[in-house]
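Worksheet for the structure shown next.
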Amino acid sequence: MIRKLSDMSMQQLEQWLERLRTQQTDEHITSADLSQLQELVHELQVHQLELEMQNRELLETRAQLEAARDRYADLYDYAPVGYLDFDRHGCVLQANITALTLLGGDRAALEGQPFSVFLDKADAPEFFNHLHRVLQYGDRTHCQLRLGGRAGGSRVVRLNSIAVADEREPANPLCRSAMLDITEQIEIEAETALHQQQAALIHAERLSQLGELASGIAHEVNQPLSALLTYAQTGLRLLQRGAMAPRELETLLDKMATQAQQGGEILRRIRRFARKTEMESRPVQLNDVVSEAVALIKPRAEQAGVAPALILSPALPEVMADPVQIQQVVVNLIINGIEAIAGAGMTQGRIEIRTGLSVSRDALECCITDTGPGLETAQEALLFQPFYTTKPEGMGLGLSLSHSILERHGGELYYNGCNDGHTRFCFSLPLADPEQERP
Ligand code: ADP
């Protein structure tokens with residue numbers, strides 16, 4: 001062989017072979033050599049095909065790997081949680097884009113920096129504590145931190161961390177953390193806690209109102225009980241004398257049942273008022289709610305020489321309200337009226353409770369007017385502030401809680417002035433069906 005076959009490309013080889021076969025060359029070659037050479041070329045062609053296939057497969061695999069790498073990089077970078085790696089000094093080794101966005105910087109400004117410079121100063125010790133627990137004891141643990149410093153703002157984050165081996169320094173594991181922005185969650189929790197506290201306070205105030213009503217209620221319960229006793233004694237006497245006709249007995253028992261029902265209704269009213277329930281607004285008749293509140297307070301008012309006068313506008317549309325909470329407001333306003341009258345040394349007074357449609361006709365109004373001494377102008381601005389009271393035993397919570405009850409109902413409680421010795425507080429409640437406005 002004259003030429004070095006390995007130096008020739010497949011095409012050159014094929015051309016050279018063709019020339020040999022057609023004797024266009026002076027190179028001397030036997031026919032055995034030629035067939036051997038042809039076989040060799042064929043084998044080489046097969047190998048080339050195989051190599052080309054493998055090459056294609058390799059290229060495809062590389063493209064797939066690159067796509068997978070890009071996908072995972074995207075997943076890492078744009079995950080809904082921030083990912084951060086910290087070294088044992090608390091410096092950021094790497095961070096994804098979510099973490100960078102939360103911390104308000106770019107990679108260059110973050111990587112290699114102590115994480116504590118992105119925290120509220122007061123929370124830096126908590127972070128180091130957390131890091132120590134993770135790296136020293138291998139704990140999978142979490143902590144809550146306020147961002148600040150270079151991160152600016154006042155967001156709250158939660159770090160969930162584990163220790164992972166660092167291939168560059170196997171003796172020193174690093175801390176891998178998922179960082180979650182929990183600012184909204186914290187705000188919602190705080191709001192829920194506030195609502196719960198307010199509901200507990202409203203309930204406590206209701207119980208304290210019941211305490212104020214206790215002697216009146218006892219007096220009221222006593223009436224059907226005394227009547228029952230009288231009827232029972234009368235019946236007994238007549239029976240002993242053998243002078244009772246079945247008709248008379250029936251009438252007597254009827255009267256006793258009515259008295260027992262009255263007593264039971266008083267207790268049910270108190271139980272409904274005292275019950276601790278979540279606020280539950282539903283369509284209700286304001287007149288019914290107000291009447292029940294007045295029934296609760298009536299004995300107490302009468303004891304103080306005050307006559308409550310109910311003036312209910314007929315055929316009013318329903319309002320959206322939690323009846324017990326609205327009763328609480330009415331009771332509070334009436335008690336305030338009674339106390340104002342009694343506090344001024346008056347032995348008699350009048351409290352008017354009036355319901356009606358508001359001027360704007362998209363709400364109902366209830367106004368409670370008393371004939372007490374009224375308010376000083378300077379007091380008006382303080383009325384709805386918690387703990388404002390002029391009473392020696394007062395808590396100063398009644399009006400402020402009533403105000404927030406109405407606010408939560410989408411209504412309003414306001415002081416409506418003091419004219420001709422009449423002090424008036426009014427509240428409004430939205431209609432259950434706003435379309436049902438009266439002409
Ligand atoms: P408290 O009854 O415990 O004082 P409130 O919040 O119900 O708490 O009332 C706050 C203050 O508003 C009362 O102490 C009183 O000075 C004044 N006030 C409320 N209602 C009347 C009223 N009808 N007449 C005069 N003053 C009133």
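The figures that follow rest on heavy atoms only: side chains count, while hydrogens, waters and symmetry mates do not.
- For the atom pair CD of Glu339 and OG1 of Thr390, the computed distance is 9.5 Å after rounding to the nearest 0.5 Å.
- Put simply, the side chain of Ser404 gets close to the backbone of Ser400: a donor and an acceptor are under 3.5 Å apart.
- Contact annotation: the side chain of Gln328 never approaches that of Val324 to less than 4.5 Å [non-hydrogen atoms, C-beta and beyond].
- Counting heavy atoms of neighbouring residues, nucleotides and ligands inside a 6.0 Å radius, atom CD of Gln11 does not exceed 12 of them.
- A donor-acceptor pair is defined here as one N or O able to donate and one able to accept, closer than 3.5 Å; no such pair exists between the side chain of Gln15 and the backbone of Gln12.
- Screening residues 362-396 for disulfide (SG to SG under 2.5 Å), with sequence neighbours left out, gives Cys367-Cys426.
- A 4.5 Å side-chain heavy-atom check between Val92 and Asp85 finds every atom pair outside the cut-off.
- Around the OH atom of Tyr78, the shell of radius 6.0 Å holds no more than 12 heavy atoms that belong to other residues, nucleotides or ligands.
- Between Asn222 atom CG and Ile217 atom CD1 the span is 13.0 Å, to the nearest 0.5 Å.
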### Task
In sequence, state the C-alpha distance, the side-chain angles, and the governing distance for Thr371 and His422, and then conclude on side-chain hydrogen bond (donor to acceptor under 3.5 Å, both in side chains).
CA-CA 5 Å; Thr371 54; His422 289 93; over 6 Å; no
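- Expressed to the nearest 0.5 Å, how far CG of Asp123 lies from CG of Leu147 amounts to 9.0 Å.
- Remark: the backbone N or O of Ala73 is not paired with any side-chain donor or acceptor of Asn96 at under 3.5 angstrom.
- Between Asn287 and Leu316, the shortest heavy-atom contact is OD1-CD1, 3.7 Å.
- Here the side chains of Glu191 and Ile188 are not in contact, with every heavy-atom distance at 4.5 Å or above.
- Salt-bridge check for Arg300 with Glu220: failed, with every basic side-chain N at 4.0 Å or more from each acidic carboxylate O.
- Donor-acceptor pairing under 3.5 Å is recorded for the side chains of Arg133 and Thr141.
- Remark: Arg146 does not engage Glu126 in a salt bridge, criterion side-chain N to carboxylate O under 4.0 Å.
- Using a 4.5 Å heavy-atom threshold, the side chains of Arg408 and Gln198 count as touching.
- For Met279, the CE atom sits in a packed shell: over 12 heavy atoms of surrounding residues, nucleotides or ligands are nearer than 6.0 Å.
- Checking Gln285 against Asp288 by side-chain atom types alone, no donor-acceptor pair falls below 3.5 Å.
- Residue Gln223 qualifies as enclosed at atom CD: its count of foreign heavy atoms under 6.0 Å is above 12.
- Across Leu312 and Ser291, no two heavy atoms sit closer than the pair CD1-OG, 3.6 Å.
- Checked against a 6.0 Å centroid threshold, the rings of Tyr414 and Phe425 do not count as neighbours.
- Side chain of Ser177 to backbone of Met179: no donor-acceptor contact under 3.5 angstrom is found.
- Residues Gln327 and Arg272 have side chains not in contact (no heavy-atom distance under 4.5 Å, counting atoms from C-beta outward).
- Here the shortest heavy-atom pairing between Gly216 and Pro299 reads O-CB, 3.2 Å.
- Arg268 contributes atom CZ, which lies 11.0 Å from atom CD1 of Ile270 (distance to the nearest 0.5 angstrom).
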### Query
Between Leu364 and Phe427, is a side-chain contact (heavy atoms from CB on, under 4.5 Å) present by the stated rule, with each step listed?
CA-CA 8 Å; Leu364 291 195; Phe427 65 84; over 6 Å; no
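- The heavy-atom pair separating Ala304 from Ile338 by the smallest distance is CB-CG2, 3.6 Å.
- No more than 12 heavy-atom neighbours from other residues, nucleotides or ligands sit within 6.0 angstrom of NZ on Lys121.
- Salt bridge status for Glu352 with Arg354: present, with a side-chain N to carboxylate O gap under 4.0 Å.
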### Worked verdict on Leu383 versus Leu375 for side-chain contact (heavy atoms from CB on, under 4.5 Å)
CA-CA 10 Å; Leu383 279 177; Leu375 292 150; 3.8 Å; yes
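- Scanning both residues, Pro125 and Ala122, for their nearest heavy atoms gives CD-O, 3.5 Å.
- Aromatic ring centres of Phe86 and Phe127: separated by under 6.0 Å.
- Residues Gln325 and Arg206 have side chains that never bring a donor and an acceptor to within less than 3.5 angstrom of each other.
- Side chains of Gln94 and Tyr83: no donor on one and acceptor on the other come within 3.5 Å.
- The distance from the CG atom of Leu401 to the CG atom of Leu413 is 11.0 Å, given to the nearest 0.5 Å.
- Inter-residue side-chain proximity for Leu145 and Asp120 is flagged as unmet; no heavy-atom pair is nearer than 4.5 Å.
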### Test side-chain contact (heavy atoms from CB on, under 4.5 Å) applied to Leu159 and Phe115, step by step
CA-CA 12 Å; Leu159 288 190; Phe115 185 58; 4.1 Å; yes
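- No side-chain donor-acceptor contact under 3.5 Å links Asp322 and Ser281.
- In this structure, the side chain of Asn160 does not engage the main chain of Ala178 through any donor-acceptor pair within 3.5 Å.
- With rounding to the nearest 0.5 angstrom, the CG atom of Leu174 is 8.0 Å from the CG atom of Leu135.
- Looking at heavy atoms from C-beta onward, Asp139 lies out of side-chain contact with His130 at the 4.5 angstrom threshold.
- Between Ile335 and Leu213, the closest heavy-atom pair is CD1-CD2, 4.1 Å.
- Among pairs with a residue in residues 42-64, those fulfilling salt bridge (Lys or Arg N to Asp or Glu O under 4.0 Å) read Arg62-Glu66, at least two apart in sequence or across chains.
- Residues Arg158 and Gln144 have side chains that never bring a donor and an acceptor to within less than 3.5 angstrom of each other.
- With contacts defined as side-chain heavy-atom distances shorter than 4.5 Å, the pair Phe128/Ser116 qualifies.
- Salt-bridge formation is detected for the pair Arg107/Asp77: a Lys NZ or Arg NE/NH1/NH2 atom is positioned less than 4.0 Å from an Asp or Glu carboxylate oxygen.
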### Task
Dump the intermediate steps for side-chain contact (heavy atoms from CB on, under 4.5 Å) on Ser161 and Cys175, then the final yes or no.
CA-CA 6 Å; Ser161 309; Cys175 171; 3.7 Å; yes
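- Not one N or O on the side chain of Asn172 forms a donor-acceptor pair closer than 3.5 Å with the backbone of Asp166.
- Side-chain atoms of His219 do not come within 3.5 Å of backbone N or O of Ala214 as any donor-acceptor pair.
- Thr355 and Glu365 form no side-chain donor-acceptor contact under 3.5 Å, judged by distance and modelled atom types alone.
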